[in-house]
Number of protein chains: 2
Amino acid sequence: MDNTETKIIDAARRVFVAKGLDGARMQEIADEAGINKALLHYYFRSKQKLFDAIFEEAFQQFIPTMGATIASGKNPQEIITIFIDAYFRVLEQNPFLPQFVIGELNRDPSRLATFMAEKIGLTSLVDKAMSLFQNEGFNLKNPQQFMISLISMIIFPFVAKPILHHIIFKGDQLLVDQFFAERKSYVTTSALQLLASSLNENN
Amino acid sequence: MDNTETKIIDAARRVFVAKGLDGARMQEIADEAGINKALLHYYFRSKQKLFDAIFEEAFQQFIPTMGATIASGKNPQEIITIFIDAYFRVLEQNPFLPQFVIGELNRDPSRLATFMAEKIGLTSLVDKAMSLFQNEGFNLKNPQQFMISLISMIIFPFVAKPILHHIIFKGDQLLVDQFFAERKSYVTTSALQLLASSLNENN
DNA sequence: GTCTATATGCAGATAGAC
DNA sequence: GTCTATCTGCATATAGAC
């Protein structure tokens, strides 16, 4: 599709993700889309409504297809592997998504409340994921702590990329690329080790 | 101290940390400080300069006292424990600092380049921290991967607090508080387990 | 140092021609 | 649907009195 609305969405996504709601300029979005400001307001009545469309789309992508993963009905180790793989696939193609979603949710947490009202299915999916680690011999004392550690290890490097780039890797882009290339397998190994350790400790 | 400059700094910190550079309003900062806008410009020539002062201060706090930790000269396990403890102490008193610093660094990564030019000591401290895990029998293949996993597990929950609050814990503030209360010891245990696992694997 | 009043510029939004 | 021109309001910043 190459119609005007699509061009606007694409341009708005780029600008909003890069600069946030407050930092974005309608003029810049218009320029990126190759149109003028008035047309933006013709398609989306206001900056806020345009932003809402972009944010909703981003939020959907960011909360991964946890359902499909769980529905696959494998054991916890396999599910973890699949989950990490699916998440990295999304992040590698949208490396700036996490900072965008998380940043805007921090600016306006009330947004989440309304979102949650619509997506009641989401929380029950999370519950299912948690309960996985309390079945089949994985009687984790703290499934939430484990799950959040896992998500932290996956997402945080994408959010903190500028810090990695400049402080850890001193501006060496090759080292940064290498780090992200190896990250998925490292996180998978770590997660499985943590799971195994908790077994040994009879948690 | 209760002079005007201090009042401005305190007010600016609150507003900038909550709303970011673009979202903050000089009027709101003035109101918070109990003065008027003109006085802000009298003390700090522009919004940008006021922001720079706040950001620099925040950045200093956010990059923890890694030096002191390392200088303590203990073994890796002890250093990890001390490091985690020090970091949590900072974060518990400044829970919104990470999102502020990381968010602004993503909006304007060039900021870091100039910062790094000044703080040359910082990168060498990071190097020292890394080399720790390649000595004393901890010949980790990927000290960076380990270090970043550790930092991820510490910081990310603070950044993603709105998501934890609404999606994982369904708005139950008590569960959120309990999670953060237990987080430090959970991360410490996890980090030591990962270190031990890498030993067993002869990495 | 601190205030009120004002200048200046810019961004979001609209009017109206084509 | 798409454009140019314009309105409106607001935010940063300054002028100048006290």
Side-chain angles (χ1 to χ4, degrees), chain A residues 1-58 96 99-100 103-108 110-111 114, chain B residues 1-58 96 99-100 103-108 110-111 114:
Chain A
M1 297 278 264
D2 207 49
N3 57 358
T4 302
E5 183 161 350
T6 306
K7 283 194 293 185
I8 292 177
I9 291 282
D10 289 343
R13 189 187 304 113
R14 282 195 296 274
V15 175
F16 276 132
V17 166
K19 313 207 167 174
L21 171 61
D22 294 322
R25 295 290 166 255
M26 293 295 266
Q27 183 63 59
E28 188 176 354
I29 295 173
D31 292 345
E32 280 268 320
I35 57 169
N36 61 34
K37 276 192 297 176
L39 211 48
L40 290 182
H41 286 89
Y42 176 78
Y43 278 88
F44 301 83
R45 279 182 52 78
S46 67
K47 181 187 183 184
Q48 185 64 50
K49 287 194 199 307
L50 176 54
F51 176 83
D52 289 344
I54 298 299
F55 184 83
E56 168 127 17
E57 176 202 75
F96 299 112
Q99 168 56 34
F100 173 61
E104 295 301 326
L105 285 181
N106 274 291
R107 297 268 172 275
D108 181 10
S110 72
R111 188 179 296 279
T114 46
Chain B
M1 297 277 266
D2 207 49
N3 57 1
T4 303
E5 183 161 350
T6 306
K7 285 194 292 185
I8 292 177
I9 291 281
D10 288 344
R13 189 187 305 113
R14 283 195 295 274
V15 176
F16 277 132
V17 167
K19 312 207 167 175
L21 171 60
D22 294 322
R25 295 290 165 254
M26 294 295 266
Q27 184 62 60
E28 188 176 356
I29 295 173
D31 292 345
E32 280 269 320
I35 57 170
N36 61 34
K37 278 189 295 176
L39 210 48
L40 290 182
H41 287 88
Y42 175 81
Y43 277 88
F44 301 83
R45 280 181 51 78
S46 67
K47 181 186 183 183
Q48 185 64 51
K49 285 194 201 307
L50 176 53
F51 176 83
D52 290 344
I54 298 299
F55 184 83
E56 166 127 18
E57 176 203 74
F96 299 112
Q99 169 55 34
F100 173 61
E104 295 301 326
L105 285 181
N106 274 290
R107 297 266 172 276
D108 181 11
S110 72
R111 187 179 297 279
T114 46

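The chains referred to below are lettered A, B, ... by the order of the sequence lines, with proteins before strands, and numbering in each begins at 1. What you see is a predicted model; the values in this text were computed from it and never measured.
- Taking Lys47(B) as the reference, nothing meets the side-chain hydrogen bond (donor to acceptor under 3.5 Å, both in side chains) condition, with sequence neighbours excluded.
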Do any side-chain atoms of residues 48-55 of chain A form donor-acceptor pairs under 3.5 angstrom with protein atoms, and if so which ones, sequence neighbours left out?
unit_1: Gln48(A); atom_1: NE2; unit_2: Asp52(A); atom_2: OD1; d: 3.0
unit_1: Asp52(A); atom_1: OD1; unit_2: Arg111(A); atom_2: NH1; d: 3.1

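- Whole-Å rounding puts the Lys7(A) NZ to dT2(D) P distance at 8 Å.
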Distance-only criterion, 3.5 Å: show the donor-acceptor pairs between side-chain atoms of residues 34-41 of chain A and protein atoms not counting sequence neighbours.
unit_1: Asn36(A); atom_1: OD1; unit_2: Ala38(A); atom_2: N; d: 3.3
unit_1: Asn36(A); atom_1: OD1; unit_2: Leu39(A); atom_2: N; d: 3.2
unit_1: His41(A); atom_1: ND1; unit_2: Lys37(A); atom_2: O; d: 3.4

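- Residue Tyr42(A) places none of its side-chain N or O atoms closer than 4.0 Å to OP1 or OP2 of dT2(D).
- Regarding Asp31(A), its CG atom lies at a distance of 15 Å from the P atom of dC10(C), rounded to whole Å.
- A 4.5 Å side-chain heavy-atom check between Asn3(A) and Thr6(A) finds at least one atom pair inside the cut-off.
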Validation: residues 23-30 of chain B side-chain donor-acceptor distances under 3.5 Å, sequence neighbours left out:
unit_1: Arg25(B); atom_1: NH1; unit_2: Asp22(B); atom_2: O; d: 3.2
unit_1: Gln27(B); atom_1: NE2; unit_2: Asp31(B); atom_2: OD1; d: 3.0
unit_1: Glu28(B); atom_1: OE1; unit_2: Lys19(B); atom_2: NZ; d: 3.2
unit_1: Glu28(B); atom_1: OE2; unit_2: Lys19(B); atom_2: NZ; d: 3.4

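- When the P atom of dC3(D) is taken as reference, atom CG of Leu39(A) falls 6 Å away, rounded to whole Å.
- Thr114(B) is linked by a side-chain hydrogen bond (donor to acceptor under 3.5 Å, both in side chains) to nothing, counting only residues two or more places apart in sequence or in another chain.
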Margin query: At under 4.0 Å between heavy atoms, how does the protein contact nucleotides 4-18 of chain D? Give one character per nucleotide, 5' to 3', with B, S or -.
Written below: B------SBBBB---

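- Between the P atom of dG12(C) and the CZ atom of Phe51(A) lies a distance of 13 Å, rounded to the nearest Å.
- At the phosphate of dT2(D), OP1 or OP2 sits under 4.0 Å from a side-chain N or O atom of Thr4(A).
- Rounded to whole Å, atom P of dG12(C) lies 11 Å from atom CG of Asp22(B).
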